[in-house]
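Written below as C-alpha cells is the structure these notes are about.
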2 protein chains.
Amino acid sequence: MLGKLTSYSTYMDSAELSSSLRSVIAALHKGLRKQTSAAGAYSMTELETIGHLFRNPTLLPTELAALTRITTQSMSQILSKMEAQRVIKRTPSKEDKRKVGISLTAVGKKLVEKNLYEKDEWLKNEIERTLTDKEKELLAKVLPVLNKLIEIK
Amino acid sequence: MLGKLTSYSTYMDSAELSSSLRSVIAALHKGLRKQTSAAGAYSMTELETIGHLFRNPTLLPTELAALTRITTQSMSQILSKMEAQRVIKRTPSKEDKRKVGISLTAVGKKLVEKNLYEKDEWLKNEIERTLTDKEKELLAKVLPVLNKLIEIK
DNA sequence: ATAACTTGTTAGTTTACCTAACAAAATTAA
DNA sequence: TTAATTTTGTTAGGTAAACTAACAAGTTAT
C-alpha cells in the first residue's frame, strides 16, 4: 500500500497525501458545520460571504459567487436572506444597470466586528487546546500551501 | 486587525489561524464535493465509510457512524444503499443478536482497490500540479497536526 | 436592428444530512 | 424472576444548503 519513496516525503506519495487530506478535510468540515449550524447562525458559505465583504467594500453577486464557489443563483438566495436581515445592502449600478453592488450595512459591519471571529470559537478552542506552539507555527506555515490548492484558475 | 504577536507565529494568533483554516477547509471541501458528486459517484461520507471498511475487516454501524461523524440513522441509510449495490454486506452477530457486522463484499473490495484512489484524482492532480516538493513535504508534516484537531474525545 | 452575451433573479429539485419514533436484544435493578 | 433501562439498529419524515432550469432586462457585437 505504501507508495514508492520520492524526494518530497519519506512516507507519502501524492495519492496517499490526497487521500489523507480529503479525510481530514471532511472531518474538520463536519466539525465546523456542526458549530455554525447552531441556533440560526450563519452557514459556512454565509460566513465566507460576510468575510469577503468585510475585506472588499463592494462586490457583485457574480464575484461573491465565484469567491465562495457557489452558483450565482445560490448566492442570490443568500443575499436576499441577508438583505432581509439588514446585514448587507444592494446598490444597483448607474453605469451598467444590470450590475448590483453588494456591501455590508452599518448594522452588518458592527455585527461582523462583534461576531465574525466568535463564530470560529470552536476551531480556535480546538487549536489552543490540542496543539503545541510548534504545531500552531507549522499550521500557520502550511495555510498558504493549502490556499495554493484552491486558487481560482 | 492583526493580533498581538505570540511565540508560535510572527503573523497569526489563534483567532486568525482558525478563520483562515475554516476558509481554506470550506473551499477544499467544495472542490472535493464537486468532484465526487459527478455521475452517481460516492459522496464524501460514503468514501470515508468504504475507506474505514477497507482498513478494518468488519465494523458495526455504530462504529462506522462514530468514525465518519454522522448519526447512526444516517449511516443506516448509507449502508442500505451500498448493500443494495452489493458493495457491503451485513452479517448479524450470533453472540449479540442486536449487532450487525458490516464488511466489504468481494465485489466491493475489488471495486475499492480499483476506484478508491481514483476518486482522489482531482486533489492528487491539484497537489502535483500546484505544489513544489518542499510544499508537499510540509503538507505531509502538517497532516498529523490537523488530525489532532479532530480526534474523538 | 437584431442577435448574442452578461447579469441577476425566482422557482423547483436534489443531496446529504438531521430528529423522532420505534422494535428488539441485552443488561441492570428490584 | 420480573421489570426497568440501556444498547443497537432501523424506518419515516423533515430540513438546510446546495443544485439546474427558466427567464427578464441590460449591454455588446454584427
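First the proteins, then the strands, lettered A, B, ... as listed; each starts at 1.
Sequence order on DNA chain C of the closest nucleotides to B/Glu46 and B/Lys94 puts B/Glu46 first from the 5' end. If you find the closest nucleotide of DNA chain D to A/Ser43 and to B/Gly101, the one lying nearer the 5' end belongs to B/Gly101. In this structure, A/Lys97 and A/Met44 both approach DNA chain D, and ranking their closest nucleotides by distance from the 5' end singles out A/Met44.
At a threshold of 4.0 angstrom between heavy atoms, the contacts of B/Glu95 are confined to the sugar-phosphate backbone, with no base atom among them.
Considering only the side chain of A/Lys30, C/dC17 comes nearest among C/dT10, D/dA18, C/dC17. The listed nucleotides are D/dA18, C/dT10, D/dG26; the one nearest the side chain of A/Ile70 is D/dA18. With D/dA18, D/dA22, C/dA21 as the candidates, the nucleotide lying closest to the side chain of B/Gln73 is C/dA21.
Going from atom OH of B/Tyr42 over to atom C1' of C/dC17 covers 19 Å, rounded to whole Å. Straight-line distance from the CG atom of A/Leu47 to the C1' atom of D/dA17: 14 Å, rounded to whole Å. One atom, NE2 of A/His29, and another, C1' of D/dA18, lie 11 Å apart when rounded to the nearest Å. In this structure, B/Lys34 places its NZ atom 10 Å from C1' of D/dC19, rounding to the nearest Å. We find that CD of A/Glu48 is positioned 15 Å from C1' of D/dA18, with the value rounded to whole Å. Between the CG atom of B/Leu60 and the P atom of C/dA26 there is a distance of 14 Å, given to the nearest Å. Nucleotide D/dT20 holds its C1' atom 17 Å from the CE atom of A/Met75, rounded to whole Å. Rounding to whole angstrom units, CG of residue B/Asp96 and P of D/dT6 are separated by 17 Å.
OP1 or OP2 of D/dT10 sits under 4.0 Å from a side-chain N or O of B/Arg90. When the side-chain nitrogen and oxygen atoms of B/Thr71 are compared with OP1 and OP2 of C/dC17, none of them lie within a distance under 4.0 Å. The shortest distance between the side-chain N/O atoms of B/Ser74 and the OP1/OP2 oxygens of C/dC17 is not below 4.0 Å. Taking 4.0 angstrom as the limit, B/Ser80 places none of its side-chain polar atoms (N or O) nearer than this to OP1 or OP2 of D/dT10. For the OP1/OP2 pair of D/dT8 and a distance below 4.0 Å, the side-chain nitrogens and oxygens of B/Thr72 include no atom meeting the criterion.
A donor atom on one side chain and an acceptor atom on the other are found under 3.5 Å apart for B/Thr45 and A/Lys30. A donor atom on one side chain and an acceptor atom on the other are not found under 3.5 Å apart for A/Ser20 and A/Ser23.
The base of D/dT7 lies close enough to the side chain of B/Arg98 for a donor and an acceptor atom to sit less than 3.5 Å apart. Under 3.5 Å, the side chain of B/Gln77 and the base of C/dC18 form at least one donor-acceptor pair of N or O atoms.
A salt bridge between B/Arg22 and A/Glu48 is present, with a side-chain N of the basic residue lying under 4.0 Å from a carboxylate O of the acidic one.
Side chains of A/Lys81 and A/Glu46 form a contact here, defined as non-hydrogen atoms less than 4.5 Å apart. At least one side-chain heavy atom of A/Lys89 sits under 4.5 Å from a side-chain heavy atom of A/Thr91.
Just one of B/Glu128, B/Lys124, B/Arg129 meets the side chain to side chain donor-acceptor pair (under 3.5 Å) condition when paired with A/Ser14; it is B/Glu128.
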